[in-house]
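Input: a single structure, listed below in structure tokens.
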Amino acid sequence: MTSGTLITVAPTGAESAKADVPALPVTVAEVVATARDCQAVGAAVVHLHVRDADTRPTLDLGHVREVVAAVRETTDLVVQLSTGGAVTDPFDARLAVLDAAPDAASLTLGTVNFGRDVFANPWDLIVELHTQMQQRGIVPEYEVFDLGHLATLSRLLDRHGPPHGGHVHVDLVMGVPGGMPGTTQALAACLPHLPPGATFAATGVGRTSLPVMLAALSAGGHLRVGMEDTLTYAPGEPVRDNAQLVARAAGLARIAQRPPMSTDDARALLGIPRPTRSTVEALP
Ligand code: KMH
Ligand code: ZN
């Protein structure tokens, strides 16, 4: 059992439209404000998807760099960029996100049906993301949508070595239509397949958010919450903002006597050095 709970907030995602979800943070100012509010109530990592001026998902490097710099200026959060993007994004653009030099980046370990779409993650892309992150000093968070993705993780580590920082951290993304269900049973089935020494977080999409959160806490795991994954706080009650979801996760973590980790503790766990002024100034 770990002593604290690492809480990641995924504030925006690539799936919801601002027109449908007015509370979704999409501008730089909105993302920075939500990041600051979420850190104040217990988040230590922010998982970022970026939107353009028309509020549509973008991997444009200029936009991505702007958001990374703004979040770093305002918060101490570990900045984790999505390399998953949207289901329509080409592989080269997803890889190019690493040029924005985040602390960390997501790395999905296999192709999965995603509602009516397909979220494509073939082996060669997985290897390219893993090795580029090793070379660039970016810490991956391995995203697992199905049990077989954990078999791919073992094969990846056997063939291509440990990630930058040496520590393996996995996020079980549960309840996606096409992936593993968001249940205690599915979460428990994953645990024996984690690499030795790895830590895990879990994310329950939609109405699986609470059961997955409670199951993860009971199993010594960490948490990811946010409006990328959950838009309804309770039946019939839309999420007010990301901080509301982080505050609920932090409260449950405290009840489990594993309170939210500070950003320093999160960095120590994940093998991410604290940015110094000179490293921040040297960023592209
Ligand atoms: N937007 C999904 C297709 C990630 O960020 O790495 C993929 C996703 C995973 O959100
Ligand atoms: Zn994401």
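Remember, it's 1-based here, ligands and their atoms both numbered in the order they're listed.
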Output, in order, the C-alpha distance, side-chain angles, deciding distance and verdict of side chain to side chain contact (heavy atoms under 4.5 Å, CB included) for Q39 and I7.
CA-CA 9 Å; Q39 184 180 342; I7 299 180; over 6 Å; no
Kindly print each ligand 1 N/O atom paired with any protein N/O atom under 3.5 angstrom away, one pair per line, or none if nothing qualifies.
| residue | atom | partner | partner atom | Å |
| --- | --- | --- | --- | --- |
| ligand 1 | 1 (N) | E15 | OE1 | 3.4 |
| ligand 1 | 1 (N) | E15 | OE2 | 2.8 |
| ligand 1 | 1 (N) | G85 | O | 2.7 |
| ligand 1 | 5 (O) | H47 | NE2 | 3.0 |
| ligand 1 | 5 (O) | H49 | NE2 | 3.1 |
| ligand 1 | 5 (O) | S82 | OG | 2.7 |
| ligand 1 | 6 (O) | G84 | N | 3.3 |
| ligand 1 | 6 (O) | S106 | OG | 2.6 |
| ligand 1 | 10 (O) | H49 | NE2 | 3.3 |
| ligand 1 | 10 (O) | E228 | OE2 | 2.9 |

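Under the side chain to side chain contact (heavy atoms under 4.5 Å, CB included) rule, M261 has a single partner from V45, L6, T5, which is L6. Each of E15, R51, H49 was checked for a side chain to side chain contact (heavy atoms under 4.5 Å, CB included) with P57, and the lone residue meeting it is R51.
In this structure, the side chain of E30 engages the main chain of V26 through a donor-acceptor pair within 3.5 Å.
Angle subtended at the Zn ion (ligand 2) by E228 OE2 and H47 NE2: 120°, rounded to 10 degrees.
Shortest non-hydrogen contact noted between Q80 and S106 is CG-N, 4.0 Å.
Y233 carries R248 over the face of its six-membered ring, with the cationic atom under 6.0 Å from the centre and within 45° of the normal.
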